[in-house]
Amino acid sequence: MIVSAPHRSDAPPRDPRLAAVERACRLIEHADEAPSLAALAAAAGLSTWHFHRVFKGATGVTPKEYAAAHRARRARAALENGRSVTDAIYEAGFASSGRFYEASDRMLGMTPTQYRAGGAATEIRFALGPCSLGLALVGQTTRGVCTILLGDSAAALRAELARRFPRARLVAGDRAFEAVVARVVACVETPTLGLDLPLDVRGTAFQHRVWRALRDIPAGTTATYGEIARRIGAPRAVRAVAGACAANPVAVAIPCHRVVREDGGLGGYRWGLPRKRALLSRESHK
DNA sequence: GGTTCTCTGCCGC
DNA sequence: GCGGCAGAGAACC
């Protein structure tokens, strides 16, 4: 899901600008090569600059990001259908194989050949560590920390890990890995420390924007969902922001607990409101 | 490494 | 609400 874009089957949106954005999305999806900003704007009957703003306001991502995400989706689909890597490059509309390989790391998290083989090559080391909020499960790929889950039951956390990474090979962490867990636990106990470990988080372009904005919220302060939406330049995407917060794969490292409701309420928290409350109170007293 | 394209902040209508 | 510019940065060749 890249945008909360309206679907074709619905009644046509009353807002003609939304309709124009929708048409632009379809244009991007059906073109062999991503249409230029100027072409999209012309089709929408707006200036390039204004079209760009309207598009981003409605979808939360820029036309280019939308096109890139769509291209990535096409490449994934082609590879999943067992096409050769060369075919996938062609079908997804990449200009050259060099670009494709360059992009594939971000897009697939692995080389295209590995992805085609079912992603079995991804290995995630993980371990559980006790902390004052219960248990923390930390998972790490060769690139960085890919998941931090909080909970009370080791079995439930392991199940959650397997559910999130159904194709990965899950390997119990060794002694060396304990250090990583310790760092994460320290970050839970003293959230103001932050986590200086590399992260390996996958998400849509929109989710990455939100997550980046969350990491910019200073410890000890909070922001509202609406503020985050404005900071990423998508003031109307408040609900989508909340969705991206909920999809945060690395608790505490990306401080989604610092996002609260406009009315002063805490809002929700994937790992339970008591944990959100505890984290916030810890930060405010430092 | 130069050029083109994208993106955003700002202003004017 | 919309157009337009400037300037920075990214993408491209």
Side-chain angles (χ1 to χ4, degrees), chain A residues 1-6 12-76 78 85-86 88-112 143 198-218 223-238 240-241 244:
Chain A
M1 210 271 301
I2 303 301
V3 294
S4 51
R14 290 140 293 286
D15 187 343
R17 297 184 318 143
L18 274 186
V21 168
E22 240 193 293
R23 277 199 306 278
C25 291
R26 302 291 96 76
L27 275 177
I28 291 168
E29 286 157 19
H30 294 127
D32 287 333
E33 276 176 41
S36 71
L37 181 61
L40 292 170
L46 296 170
S47 73
T48 53
W49 304 284
H50 195 64
F51 168 75
H52 191 272
R53 283 185 285 260
V54 168
F55 190 93
K56 191 175 167 189
T59 65
V61 294
T62 67
K64 191 171 188 162
E65 283 174 325
Y66 186 90
H70 182 254
R71 199 161 63 163
R73 213 159 41 219
R74 278 214 283 214
R76 271 197 294 272
V85 174
T86 319
I89 293 169
Y90 175 75
E91 283 184 33
F94 277 88
S96 71
S97 57
R99 299 225 154 273
F100 178 75
Y101 279 98
E102 192 183 281
S104 69
D105 194 64
R106 227 175 338 150
M107 197 164 83
L108 308 171
M110 62 193 88
T111 69
R143 287 185 178 73
L199 298 180
D200 177 18
V201 288
R202 312 275 161 74
T204 63
F206 180 80
Q207 286 172 333
H208 277 286
R209 287 183 97 93
V210 173
W211 295 340
R212 222 175 299 138
L214 296 184
R215 298 190 78 181
D216 287 337
I217 306 174
T224 66
Y225 293 101
E227 276 165 12
I228 297 298
R230 283 193 292 280
R231 281 177 205 174
I232 62 167
R236 285 192 282 183
V238 179
V241 165

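Chain naming here is simple, since letters A, B, ... match the order of the sequence lines and numbering starts at 1 in each.
Aromatic ring centroids of W49(A) and H52(A) lie 6.0 Å or more apart.
Going from atom CZ of R26(A) over to atom CD of E29(A) covers 4.5 Å, rounded to the nearest 0.5 Å. Between T48(A) atom OG1 and F55(A) atom CZ the span is 14.5 Å, to the nearest 0.5 Å.
If you check dC10(B), dT6(B), dT8(B) against the side chain of R53(A), the one that comes closest is dC10(B).
Note: CZ (F51(A)) to C1' (dT8(B)) measures 16 Å, nearest angstrom. In this structure, F55(A) atom CZ and dC7(B) atom C1' are separated by 14 Å, rounded to whole Å. Spacing between atom CD of E65(A) and atom C1' of dT6(B) amounts to 10 Å, rounded to whole angstrom units. Between H50(A) atom NE2 and dC11(B) atom C1' the separation is 15 Å, expressed in whole Å. Between H52(A) atom NE2 and dC5(B) atom C1' there is a gap of 10 Å when expressed in whole angstrom units.
When all heavy atoms of Y225(A) and V238(A) are compared, the pair lying nearest together is CB-CG1, 3.8 Å. Counting all heavy atoms, side chain and backbone alike, A244(A) lies closest to F206(A) at CB-CE2, 4.5 Å. Of all heavy-atom pairs spanning A67(A) and A34(A), the tightest one is CB-CB, 3.9 Å.
Nucleic acid contact for T48(A): none, since no nucleic acid atom lies under 4.0 Å from a heavy atom of the residue. As judged by a 4.0 angstrom heavy-atom cut-off over every strand, R209(A) is placed among residues touching the sugar-phosphate backbone only.
Positionally, the nearest nucleotide of DNA chain C for V54(A) lies more toward the 5' end than for the other of V54(A) and W49(A).
Of all nucleotides in DNA chain C, those with any atom nearer than 4.0 Å to a heavy atom of chain A start and finish, going 5' to 3', at dC2(C) to dC12(C).
Taking 4.0 angstrom as the limit, K56(A) places none of its side-chain polar atoms (N or O) nearer than this to OP1 or OP2 of dT6(B).
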